[in-house]
Amino acid sequence: MATCLGLFPPSPAGKAFQPNHKSPLLFSSPKPHITLSRKSRYGIQSSKFGSFLDLNPESKPEFLDFDLSWFDPADRPRCFDVIIIGAGPAGLRLAEQVSGYGIKVCCVDPSPLSMWPNNYGVWVDEFENLGLVDCLDKTWPMTCVHIDDDKTKYLDRPYGRVGRKELKTKLLENCASNGVRFHKAKVLNLEHKEFQSSIVCDDGTELRASLVVDASGFASTFTEYDKPRNHGYQIAHGILAEVDCHPFDLDKMVLMDWRDSHMGNEPYLRANNSKIPTFLYAMPFDSNLVFLEETSLVSRPLLSYMEVKNRMVARLRHLGIRVKNVIENEKCVIPMGGPLPKIPQSVMAIGGTSGLVHPSTGYTVARAMALSPIVADAIVECLGSTRMIRGRPLHHRVWNGLWPLERRCTREFYSFGMETLLKLDLNGTRRFFDAFFDLDPYYWQGFLSSRLSLRELLFLSLSLFSNASNPSRFDIVTKCPVPLVKMMGNLALETI
């Protein structure tokens with residue numbers, strides 16, 4: 001699940017519900033283009049049985065061979081309509097959308113042509129709705145959730161892995177055709193005046209714009225918060241691995257595997273996992289190539305990274321998976337929930353730093369792709385008009401375009417879901433997802449894709465409670481009151 005985000009990325013999962021469209025060609029997609037070295041093909045780098053911690057990833061940083069329109073520091077004037085800090089999925093998507101209306105955009109990033117290092121997983125219908133299905137390099141017609149050793153849920157909702165090269169190339173091509181300029185630098189400082197903002201880069205370049213957008217990821221210091229950032233955290237360790245074999249069905253993506261039988265001989269791991277559980281997320285590409293990720297859905301404080309890796313070693317050993325070669329690995333830490341940024345403020349934000357991460361799941365990429373056109377419309381309404389609406393009125397419109405009242409209220413509900421999950425142990429988590437995936441698909445799919453209205457979320461909650469087991473209802477009654485009161489208070493403040 002965490003693969004939809006990544007390594008503190010410049011981020012980075014909705015549209016109205018539509019039935020899944022299953023194209024025969026879509027589900028016959030080939031495995032991703034991955035070149036294995038002679039060494040990996042013959043297993044010279046093989047690990048100990050079930051372990052991968054002694055292997056180094058084979059892949060090296062990649063860069064796209066693409067002809068961008070670079071900003072020339074000798075150019076005068078150094079003024080744009082919009083400056084976007086960050087060339088991650090969210091930043092490039094917004095640059096593409098805004099520049100399509102003739103708005104002058106400059107995208108500033110230390111390495112605009114470098115490939116994103118993390119994997120992104122999305123529901124296929126989300127990318128279909130966005131016209132981006134051609135950017136999926138692998139799809140699975142079904143997903144499955146292992147609740148425990150005796151129960152598995154099969155979900156009739158196709159899942160896909162985003163082709164990072166395909167998506168970034170498509171966004172860059174559209175940016176290039178729309179005249180977006182790129183500047184290879186790191187932004188050091190921001191300064192805001194009444195009708196204009198300026199940035200100073202590490203190469204000494206100063207650029208000005210009517211609006212600066214922060215798409216530089218979770219670690220950004222440019223976006224302001226006026227409330228304590230009490231995030232929950234999703235942490236995961238993932239590897240794209242060449243293996244001797246694996247037990248997964250090739251036509252099913254493993255969304256969650258909550259089984260803990262692999263900890264039978266690991267009493268310390270079992271005890272900790274009972275309190276703060278982790279699950280396996282697996283994308284099988286073929287019988288010898290698989291992406292594996294051990295994930296803590298959400299914890300506060302952050303679960304130890306070494307603990308996550310040790311649990312993954314024990315799981316793979318139990319499953320009989322012998323890792324021959326690690327092609328890619330990633331450490332994924334995602335702040336979830338917490339307050340929204342100060343609304344409005346002089347800098348706009350998009351992606352991870354703007355609060356778009358789903359508080360209960362960690363999904364972001366498809367949502368950022370979907371909401372960027374809405375933010376672009378608000379920007380164009382101001383800067384593309386003959387009146388040139390700038391300053392505070394501009395900031396109000398773009399922030400409220402991203403976070404209107406309805407969307408802020410539904411986010412409070414999703415945050416309530418996160419706060420509830422934080423209070424559940426392994427057995428409580430299993431009971432929760434057992435009931436959750438028994439809901440009408442419209443509701444569980446809409447919840448995971450952040451596309452339910454507040455009224456629909458209320459109906460989901462009532463249905464979840466009525467369908468839950470008695471122990472799960474007891475969990476809800478005993479552990480939800482505090483998060484519920486907090487949510488109601490926040491909703492009241494939002495609507496004042």
remark   = The residue among C106, C175, S69 that forms side chain to side chain contact (heavy atoms under 4.5 Å, CB included) with V180 is C175

inquiry  = Applying the side chain to side chain contact (heavy atoms under 4.5 Å, CB included) criterion to L452, which one of F413, F447, F459 satisfies it?
reply    = F447

key: Any donor-acceptor pair under 3.5 Å from R229 side chain to G338 backbone   = no

ask   = Can you name the nearest heavy-atom pair linking V290 to P284, along with the distance?
value = CG2-CA, 3.8 Å

request  = Mind telling me whether W116 and Y120 have parallel, tilted or perpendicular rings, with 30° and 60° as the class edges?
outcome  = perpendicular

task = Could you tell me how the ring of Y281 sits relative to the ring of Y159: parallel (under 30°), tilted (30 to 60°) or perpendicular (over 60°)?
result = perpendicular

Heavy-atom donor-acceptor pair, H183 side chain to A185 backbone, under 3.5 Å = no

ask   = Does any donor atom in the side chain of S372 or Q97 lie under 3.5 Å from an acceptor atom in the other side chain?
value = no

inquiry  = I'd like to know if the side chain of R78 reaches the main chain of T205, judged simply by a donor and an acceptor atom lying under 3.5 Å from each other, with no hydrogens or angles considered.
reply    = no

task = Take the angle between the ring planes of Y363 and W123 and call it parallel below 30°, perpendicular above 60°, tilted in between.
result = tilted

message = Tell me whether K170 is salt-bridged to E173, with the criterion being a basic N under 4.0 Å from an acidic carboxylate O.
response = no

message = Counting C-beta onward and ignoring hydrogens, is there a side-chain heavy-atom pair between L172 and L92 closer than 4.5 Å?
response = yes

request  = Decide, yes or no, whether a salt bridge links E330 with R164 under the criterion of side-chain N to carboxylate O below 4.0 Å.
outcome  = no

ask   = Does D202 reach the main-chain N or O of K186 with its side chain, forming a donor-acceptor pair under 3.5 Å?
value = yes

query = Checking Q345 side chain against E224 main chain: does a donor-acceptor pair fall under 3.5 Å?
reply = yes

query = Is there a donor-acceptor contact under 3.5 Å from the side chain of S360 to the main chain of Y414?
reply = yes

key: Main-chain N/O of M336 paired with H358 side-chain donor or acceptor, under 3.5 Å   = no

inquiry  = Is it the case that the side chain of H231 and the backbone of G337 share a donor-acceptor pair, with hydrogens and angles ignored and the cut-off at 3.5 Å?
reply    = yes

query = With the threshold set at 4.0 Å, does a side-chain nitrogen-carboxylate oxygen contact exist between R455 and E406?
reply = no

inquiry  = Determine whether a donor-acceptor pair (N or O, by modelled atom type, separation under 3.5 Å) exists between the side chain of R407 and the backbone of L402.
reply    = yes

request  = Measure from the side-chain N and O atoms of R408 to the backbone N and O of W403, and report whether any donor-acceptor pair falls under 3.5 Å.
outcome  = yes

message = If you count every heavy atom of other residues, nucleotides or ligands that lies below 6.0 Å from K165 atom NZ, does the total exceed 12?
response = no

